[in-house]
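Report on one structure; see the data block that follows.
Reminder, nothing fancy here: chain letters follow the sequence lines and each chain counts from 1. Scope of the values below: all heavy atoms of this structure, side chains included, with no hydrogens, waters or symmetry mates.
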Amino acid sequence: MGSAASSERRIALVDVNNFYASCETVFNPKLRGKPVVVLSNNDGCVVARSAEAKALNIKMAQPWHQVDPTVQRQTAVFSSNYTLYADISNRVMTILGDMAPSQEVYSIDESFLELTGIRELRQHAHAIRQRVSQWTGLTVCVGVGTTKTRAKLANYVAKKSPEHAGVFNLETLSAIDQSALLAKIPVGDVWGIGFRTERRLVQMGIRTAADLRRSRPKQLRQQFGVVAERIVAELNGEVCTELEISPPAKQQIRLSRSFGAAVSELPLLKEAMLAFVSIAAEKLRRQNSFTSTLQVFVCTNVFRPDKPQHSTGFTLKLPYAMDDTAMLAKFAVRALEHLYKPGYEYKKAGVNLMSLSPRGNAQLELFTNDRIAKRGDQLSTAMDNINRRFGRESICLGRLSGPRPWSMNQTRLSPAYTTNMNQLLLAR
DNA sequence: TCTGGGGTCCTAGGACCC
DNA sequence: TCTGGGGTCCTAGGACCC
């Protein structure tokens with residue numbers, strides 16, 4: 001794309017403000033105007049905060065148990081309810097997709113939209129906000145620029161400065177005003193510059209987005225690699241990344257969880273592993289892939305250095321590419337038995353399906369027993385159907401009847417308002 | 001007591017080949 | 001004594017994002 005064309009390009013980054021916390025508030029209007037936080041799996045860290053919670057100085061990723069008890073008492077706190085958030089996300093993304101010729105769904109609460117050539121861009125951006133608000137009760141911010149990186153930056157400004165009313169177009173600013181604006185943005189707030197790179201950049205005297213934009217690409221490439229070089233180019237309006245309209249198939253599927261309580265016995269560890277493999281394999285089949293490398297890992301609690309530590313993984317090259325839960329489970333258990341050591345309190349485990357290939361192209365085992373393979377296929381399909389209908393993990397392999405100390409703590413879970421008939425919101 | 005999970009991309013370095 | 005060099009493939013690890 002030439003520079004003349006790229007200067008006409010308009011990309012919007014639209015994201016939902018405080019997404020998880022806002023989802024909870026939408027279904028519980030009493031929470032409006034109050035501090036609300038959502039915790040990570042296992043009720044560990046804070047992963048979402050309402051504006052009021054931010055004002056109380058609750059930090060992102062802060063362990064909840066480290067939050068000041070006085071602050072805790074003022075705050076409404078929820079376990080993360082991904083079923084709810086995923087459903088609300090789908091609704092928002094559908095609305096956004098309808099308001100642009102093309103869309104990249106970038107994360108659970110963000111979309112890039114192609115808005116090139118749209119007249120009255122400002123009005124259109126406000127119409128997007130209006131419609132999302134009206135149809136879902138959620139607030140979004142819209143940032144517009146010629147590249148994804150500039151759209152992200154514009155979105156950052158829209159969110160930070162209330163006077164823009166949630167919409168900001170970087171390209172309407174004169175060159176001088178742009179420089180002045182970028183000079184006020186810390187370099188670590190640029191998309192793709194993390195905290196380590198920021199530290200090194202600041203040491204070199206590159207402190208702001210403006211400094212970064214006018215830095216020397218050669219030097220930057222040498223010190224920080226091609227990623228940093230691209231960021232600078234995109235800040236200058238040079239298009240390095242296009243929208244990804246249809247999401248590419250995943251290259252790996254990983255499933256891991258911290259346990260609610262530590263687990264020492266092999267049978268319980270196996271049970272947890274089987275649950276993880278079942279979910280991972282279902283995801284694998286949903287994207288029509290086979291895997292030919294399986295990794296299993298376990299770790300003890302790194303926050304308890306006073307206890308014996310054992311963290312390890314084992315990677316298995318599978319004899320052929322497969323997607324069948326029972327077969328994958330067999331190999332996962334074998335790997336687990338291989339690395340398990342008695343006498344340790346394991347706190348986390350997981351499975352990683354790697355070397356994925358499209359179902360059709362995958363190399364099959366030379367001497368696959370057709371009948372056995374077909375039976376595995378039918379079993380997996382049946383399990384997928386049951387789980388789709390009655391909820392994930394309605395059926396899976398090797399469930400023991402006893403207690404499950406490994407399952408997550410979720411003591412503050414809100415109802416699945418939109419996806420479970422028994423948990424619908426009642427109007428009285 | 002309690003400390004997340006699932007991804008991507010890039011790079012350096014080793015193994016191997018000719 | 002002196003022990004090539006370039007290409008490819010794979011993997012582990014770093015950095016980042018949400």
Run the side-chain donor-acceptor check on residues 218-232 of chain A: report pairs under 3.5 Å with partners two or more places apart or on a different chain.
from: A:Arg221; atom 1: NH1; to: A:Glu229; atom 2: OE1; distance (Å): 2.9

Atom pairs and distances, side-chain donor-acceptor, residues 133-144 of chain A, under 3.5 Å, sequence neighbours left out:
from: A:Thr136; atom 1: OG1; to: A:Val132; atom 2: O; distance (Å): 2.6
from: A:Thr136; atom 1: OG1; to: A:Leu138; atom 2: N; distance (Å): 3.1

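For A:His310, the ring-ring contact (aromatic ring centres under 6.0 Å, His included) partners at least two apart in sequence or on another chain are A:Tyr344, A:Tyr346. Judged as a ring-ring contact (aromatic ring centres under 6.0 Å, His included), and not counting sequence neighbours, A:Trp64 has no contacts. Partners of A:His338 under the ring-ring contact (aromatic ring centres under 6.0 Å, His included) rule, at least two apart in sequence or in another chain, are A:Phe314. Partners of A:Phe27 according to the ring-ring contact (aromatic ring centres under 6.0 Å, His included) rule, which considers only residues two or more places apart in sequence or in another chain, are A:Tyr417. Residues meeting the side chain to side chain contact (heavy atoms under 4.5 Å, CB included) test with A:Asn301, sequence neighbours left out: A:Phe303, A:Arg304, A:Lys347. In terms of the salt bridge (Lys or Arg N to Asp or Glu O under 4.0 Å) criterion, residue partners of A:Glu345 (sequence neighbours excluded) are, by chain and number, A:Lys307.
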Nucleotide-level pairing of DNA chain B, given in dot-bracket where Watson-Crick and G-U pairs need both distances under 3.5 Å and | marks other strands: ....||||||||||||||

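Legend: salt bridge (charged side-chain N to carboxylate O under 4.0 Å, His left out) pairs involving residues 103-116 of chain A, not counting sequence neighbours, sorted by first then second residue: A:Glu104-A:Lys148, A:Glu110-A:Lys152.
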Contact state string [nucleotides 1-10 of chain B, B base, S sugar-phosphate only, - no protein heavy atom under 4.0 Å]: -BBBSSSBSS

Contact letters for nucleotides 11-18 of chain C, in which S counts primed atoms plus P, OP1 and OP2 and B counts the base, heavy atoms under 4.0 Å: S---SSSS

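The residues A:Arg359 and A:Asp323 are annotated as salt-bridged, a charged nitrogen and a carboxylate oxygen being separated by less than 4.0 angstrom.
Taking atom C1' on both C:dG4 and B:dC16, the two are 15 Å apart, rounded to the nearest angstrom.
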